[in-house]
Amino acid sequence: MTDEIETQARHLLGATLTRGDVTVRITEVEAYGGTGDPASHAFRGPTPRSEIMFGPPDVLYVYLSYGMHYCANVVVGADGDASAVLLRAGEVVRGVETARDRRGGVPDVRLARGPANLTSALGITIEQNGATLDGPQVVLHRDAPIPAEAVSAGPRVGVSRAADVPWRFWVTDDPTVSAYRRSPRAGDAEPL
DNA sequence: CGCAGGATTTGCT
DNA sequence: GCAAATCCTGCGG
């Protein structure tokens, strides 16, 4: 189970997510286990918000964070298993002008840096919650996997519980991934 | 029915 | 570097 979610998370790196005329190449993700992960929204069992994660995989789980930002996950667990992978950052590879428009004048490498910025660049909102990944709203292509030696792993960001599990994965040295600040001195960033 | 907190980002002290 | 913005979700009474 945990092996499976890690495999799924790593496999999403390098994949491309498209909505409308904007395409993002995913460079940073975080894995969330199902009911066994205290940091997951699925931890307390199915709720109106999290029930989408308990359904079939390959759909989007979108939620509103801090009352103002949207974050997008790919549901990966089999039907009944509430695992999901949070999309934390990416590189805009198509529709850059549209993305710039939505993000208002930030440097290109920051267009989709951070989970809420990524959804903003793609124009993803709660409307896309539950959308299937083979269209028509969003399309995911997992055909450009990142070699394992080019992937780093570390503790998850912004998580209060279970922050010890190295379930954040990113493309090593990719400019669209930030060296995150609030990690007091966790021994992260070990290339695998 | 009311309360506390959150998988964040941005701007200013 | 720190604190505010802002509202929905989940839990307790």
Side-chain angles (χ1 to χ4, degrees), chain A residues 2 5-6 8-10 12-13 15 17 24 26-55 57 59-77 81-92 99-131 138 152-170 175-186 188-189:
Chain A
T2 57
I5 179 73
E6 178 168 336
Q8 292 284 353
R10 287 170 172 276
L12 277 169
L13 290 174
L17 184 65
V24 163
I26 299 167
T27 57
E28 181 185 3
V29 298
E30 260 176 25
Y32 283 86
T35 51
D37 181 2
S40 172
H41 289 167
F43 180 55
R44 305 176 200 291
T47 67
R49 180 176 66 165
S50 67
E51 66 180 349
I52 192 68
M53 288 195 286
F54 289 81
V59 300
L60 226 46
Y61 166 50
V62 184
Y63 70 96
L64 182 63
S65 175
Y66 290 85
M68 54 191 101
H69 309 293
Y70 291 106
C71 297
N73 304 244
V74 171
V75 177
V76 295
D81 174 19
S83 302
V85 177
L86 172 69
L87 308 180
R88 288 201 60 89
E91 171 194 2
V92 177
R100 284 187 190 133
D101 240 27
R102 290 172 174 152
R103 297 278 298 122
V106 302
D108 282 2
V109 295
R110 291 193 187 178
L111 285 175
R113 167 138 99 63
N117 292 330
L118 185 146
T119 58
S120 179
L122 283 168
I124 290 177
T125 71
I126 199 70
E127 298 287 313
Q128 277 68 50
N129 188 37
V138 292
S152 300
R156 291 180 290 188
V157 176
V159 173
S160 46
R161 289 292 298 178
D164 52 313
V165 190
W167 271 1
R168 170 177 170 243
F169 305 96
W170 66 95
T176 60
V177 178
S178 68
Y180 269 156
R181 59 259 194 195
R182 56 176 122 164
S183 286
R185 51 188 168 84
D188 56 31

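Given the structure is predicted, the values throughout are model-derived calculations rather than measurements. In what follows, chains carry the letters A, B, and so on, assigned in the order in which the sequence lines appear, proteins first and then strands, with residues in each chain numbered from 1.
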- Glu30(A) has an atom CD; how far is it from atom P of dT8(B), in whole Å? 7 Å

- Query: Short question: side chain of Arg168(A), backbone of Ala153(A) - any donor-acceptor pair under 3.5 Å?
  - Reply: no

- With sequence neighbours left out, write down each residue that passes ring pair (Phe, Tyr, Trp, His ring centres under 6.0 Å) with Tyr63(A), or none if nothing qualifies. His41(A), Tyr61(A)

- Item | Sequence-aligned protein contact record of nucleotides 6-13 of chain C, with B where the base is within under 4.0 Å of a protein heavy atom and S where only the sugar-phosphate is | BBSSSS--

- Message: On the nucleotide dT8(B), are OP1 or OP2 found under 4.0 Å from the side-chain N or O atoms that Arg88(A) carries?
- Response: yes

- Query: With Phe54(A), which of Asp81(A), Val75(A), Thr35(A) fulfils side-chain contact (heavy atoms from CB on, under 4.5 Å)?
  - Reply: Thr35(A)

- What is the nucleic acid contact for Arg103(A), judged by heavy atoms within less than 4.0 Å: base, sugar-phosphate only, or nothing? sugar-phosphate

- Item | Rounded interatomic separation in angstrom, taking CD1 from Ile124(A) and P from dA7(B) | 19 Å

- Which pair of heavy atoms, one from Ala9(A) and one from Ala31(A), lies closest together, and at what distance? CB-CB, 4.0 Å

- So which pairs with a foot in residues 30-53 of chain A pass salt bridge (Lys or Arg N to Asp or Glu O under 4.0 Å), sequence neighbours left out? Glu30(A)-Arg88(A), Asp37(A)-Arg156(A)

- Query: Rounded to the nearest Å, what distance is computed from the CG atom of residue Leu60(A) to the C1' atom of nucleotide dA7(B)?
  - Reply: 15 Å

- Rounded to whole angstrom units, what separation is found between the CZ atom of Arg110(A) and the P atom of dG11(B)? 11 Å

- Hits for side-chain contact (heavy atoms from CB on, under 4.5 Å) against Asp101(A), two or more places apart or cross-chain, chain-then-number order -> none

- Task: Using side chain to side chain donor-acceptor pair (under 3.5 Å) as the criterion, list what pairs up with Asn73(A), not counting sequence neighbours.
- Result: none

- Message: Quick one: does any side-chain atom of Ser83(A) pair with a main-chain N or O of Ile5(A) as donor and acceptor, under 3.5 Å?
- Response: no

- Stem list, DNA chain C (Watson-Crick or G-U pairing under 3.5 Å, at least 3 consecutive pairs): B:1-6 with C:7-12, B:8-12 with C:1-5

- Query: Counting any heavy atom closer than 4.0 Å, what does Asn117(A) reach on the DNA or RNA strands: base, sugar-phosphate only, or nothing?
  - Reply: sugar-phosphate

- Task: Would you mind classifying the nucleic acid contact of Ala116(A) as base, sugar-phosphate or nothing, using non-hydrogen atoms under 4.0 angstrom?
- Result: sugar-phosphate

- With side chains defined as the heavy atoms from C-beta onward, is the minimum distance between Ser40(A) and Met53(A) less than 4.5 Å? yes

